[in-house]
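Below: one structure, written as structure tokens.
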Amino acid sequence: MASTRRELISLIEQGVIPPEQVARALQASGLLPSPRAWALFIDRLLLWLGGLALAFAVLFFVAYNWAEMGRWLRFGVVQAAMVLAVGIAIWPKASPMVQCVALTSATLLVGVLLALFGQVYQTGADPWQLFFTWALLALPWVWVARLELLWVLWLGLLNLAVGLYFRTWGGPFGVLTSSDAALWGLFGLNTLALITWEWGARYRDWPRQWAVRLLAVGSGVPITLLMIVSIVDVGLVWSPVLAIYPLWLMALYGIYRYWRPDLFMIAGGCVSALTVTTLLLARLLLWEGDWQEGSLLLITIAVLAMGAGAVVWLKRLHREISQ
């Protein structure tokens, strides 16, 4: 389907298919969804929305009736809903999609149960412990389901746990400052998850699709923010991010340009590089310079030139990848 779409776009760009025949070409190529495909999409969408709505309904029901419900009734309602979800997931007659929705609801209810436990007994635990325990207890279900959405949800819980942990306790052995430790932790976790997922997609047939791109964003945003913090707070003084950030950009370009071409990844690297370069120019010309008006004009011209160059380069890469 993806190759057919690329070939059709290439034919349209080359003028082989005139504009008035584009709709007919789409119909003939089979890219337009059929009525059955729309019905299947709506059916699955309603199934997922219903499962998530029921899971959150348990949370809101207990919260709204908190004063009228005793502690045993609160735990009973949440645990009964969890047992019901797990029962549907292991029911032999349930379809694979229904089982995945049930396991997703059960995973969400684990978090509701842990939050309820901490609220009732006032354990005094740090917030990161809630998300880490939630991820630890939900790992068997996520492993059994082997569902892309559940893996991303599980990694999201780990991101919250790691971010809150480093924000609370700072870096290990005092190597990192507490303000940057959370970003370093998120960068390391998501980069490791991205490498693992790419390895699994290549050698274990793991689904790639949107999850890999989401992990790439989770890796790129922290390292870009670390560069921004370094430029704004530290200036041009040496810091580890000055060595790691260029290596990250080179690895991103090398992997997704030659090993597994992906224009989204390269475009994300361009956005990161343009952001950092613009901020560096602002630091040199505005904060440490004397000619404010000319500096603003120079930065504007530089941003326009870099943006136009990136667009032209990405379009050329798109044509090369599509061939």
Side-chain angles (χ1 to χ4, degrees), residues 1-3 5-6 33 37 40-41 43-45 47-49 51-52 55 89 95-108 110-111 131-132 134-164 182-225 248-249 251-272 314 317-318 321:
M1 183 67 70
S3 61
R5 185 183 294 107
R6 287 195 297 266
L40 181 62
F41 169 76
D43 178 73
R44 292 184 175 180
L45 177 63
L47 177 63
W48 277 103
L49 291 178
L52 296 177
S95 65
M97 185 59 63
V98 172
Q99 292 175 341
C100 290
V101 173
L103 276 180
T104 303
S105 300
T107 302
L108 295 176
V110 170
F131 294 103
F132 181 76
W134 185 356
L136 191 64
L137 293 177
L139 180 58
W141 294 345
V142 176
W143 186 269
V144 169
R146 297 184 181 274
L147 181 65
E148 193 174 8
L149 176 63
L150 266 182
W151 278 114
V152 172
L153 174 62
W154 184 78
L155 287 170
L157 295 176
L158 277 187
N159 271 264
L160 287 172
V162 169
L164 291 172
L183 292 175
W184 279 112
L186 294 177
F187 169 70
L189 173 63
N190 291 321
T191 303
L192 180 61
L194 177 61
I195 295 172
T196 304
W197 202 303
E198 286 287 5
W199 176 86
R202 184 174 180 86
Y203 298 105
R204 294 291 185 271
D205 295 328
W206 291 4
R208 189 174 271 133
Q209 299 178 359
W210 57 272
V212 174
R213 295 181 174 181
L214 186 61
L215 290 176
V217 172
S219 172
V221 170
I223 193 65
T224 304
L225 290 178
W248 177 81
L249 283 179
L252 188 75
Y253 174 78
I255 292 173
Y256 295 106
R257 172 66 180 90
Y258 299 104
W259 182 64
R260 190 180 73 81
D262 192 328
L263 197 65
F264 176 87
M265 304 293 196
I266 301 177
C270 289
V271 172
S272 175
L314 289 173
L317 284 181
H318 175 67
I321 294 174

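The basis for the numbers below is simple: all heavy atoms, side chains too, and nothing from hydrogens, waters or symmetry mates. Sequence positions, counted from 1, serve as the residue numbers for this chain.
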### Summary
Scanning both residues in full, the closest heavy-atom pair of Q99 with A89 reads CG-O, 3.2 Å
#### Entry: Pairwise distance CG(N190) to CG(L155) - rounded to 0.5 angstrom
7.5 Å
### Query
Is any side-chain heavy atom of W151 less than 4.5 Å from a side-chain heavy atom of L215?
no
### Message
Is the shortest side-chain heavy-atom distance between L153 and L108 below 4.5 Å?
### Response
yes
### Query
Can you find a heavy atom in the side chain of W154 that is under 4.5 Å from one in the side chain of L158?
yes
### Message
When you compare the side chain of V212 with that of M265, does any pair of heavy atoms fall below 4.5 Å?
### Response
yes
### Task
For C100 and L147, work out which heavy atoms get closest and say how close.
CB-CD2, 3.7 Å
### Closest non-hydrogen atom pair between A182 and G163, with its separation
CB-O, 3.6 Å
### Query
Is it true that the side chains of S219 and W248 contain a donor and an acceptor less than 3.5 Å apart?
yes
### Query
Parallel, tilted or perpendicular: which fits the ring planes of W134 and F131, with parallel below 30° and perpendicular above 60°?
parallel
### Task
Report the distance from atom CG of L252 to atom CG of D262, rounding to the nearest 0.5 Å.
9.0 Å
### Message
With a sphere of 6.0 Å drawn around CZ of F132, does it hold more than 12 non-hydrogen atoms of other residues, nucleotides or ligands?
### Response
no
### Point-to-point distance, once rounded to the nearest 0.5 Å, from CD of E148 to CH2 of W197
5.0 Å
### Task
With rounding to the nearest 0.5 Å, note down the distance linking OG1 in T224 to CG in L249.
7.5 Å
### Query
When rounded to the nearest 0.5 angstrom, what is the spacing between CD1 in I255 and CZ in R257?
14.0 Å
### Message
Treating S105 as the side-chain partner and G51 as the backbone partner, does any N or O pair qualify as donor plus acceptor under 3.5 Å?
### Response
yes
#### Entry: Over all atoms of both residues, closest heavy-atom pair of V217 and P222
O-CD, 4.1 Å
### Query
Taking atom CH2 of W143 and atom CG of L150, what is their separation to the nearest 0.5 Å?
13.5 Å
#### Entry: I266 and L317, any side-chain heavy atoms less than 4.5 Å apart
yes
### Query
Between G220 and I223, which heavy-atom pair has the shortest distance, and what is it?
O-CG2, 3.2 Å
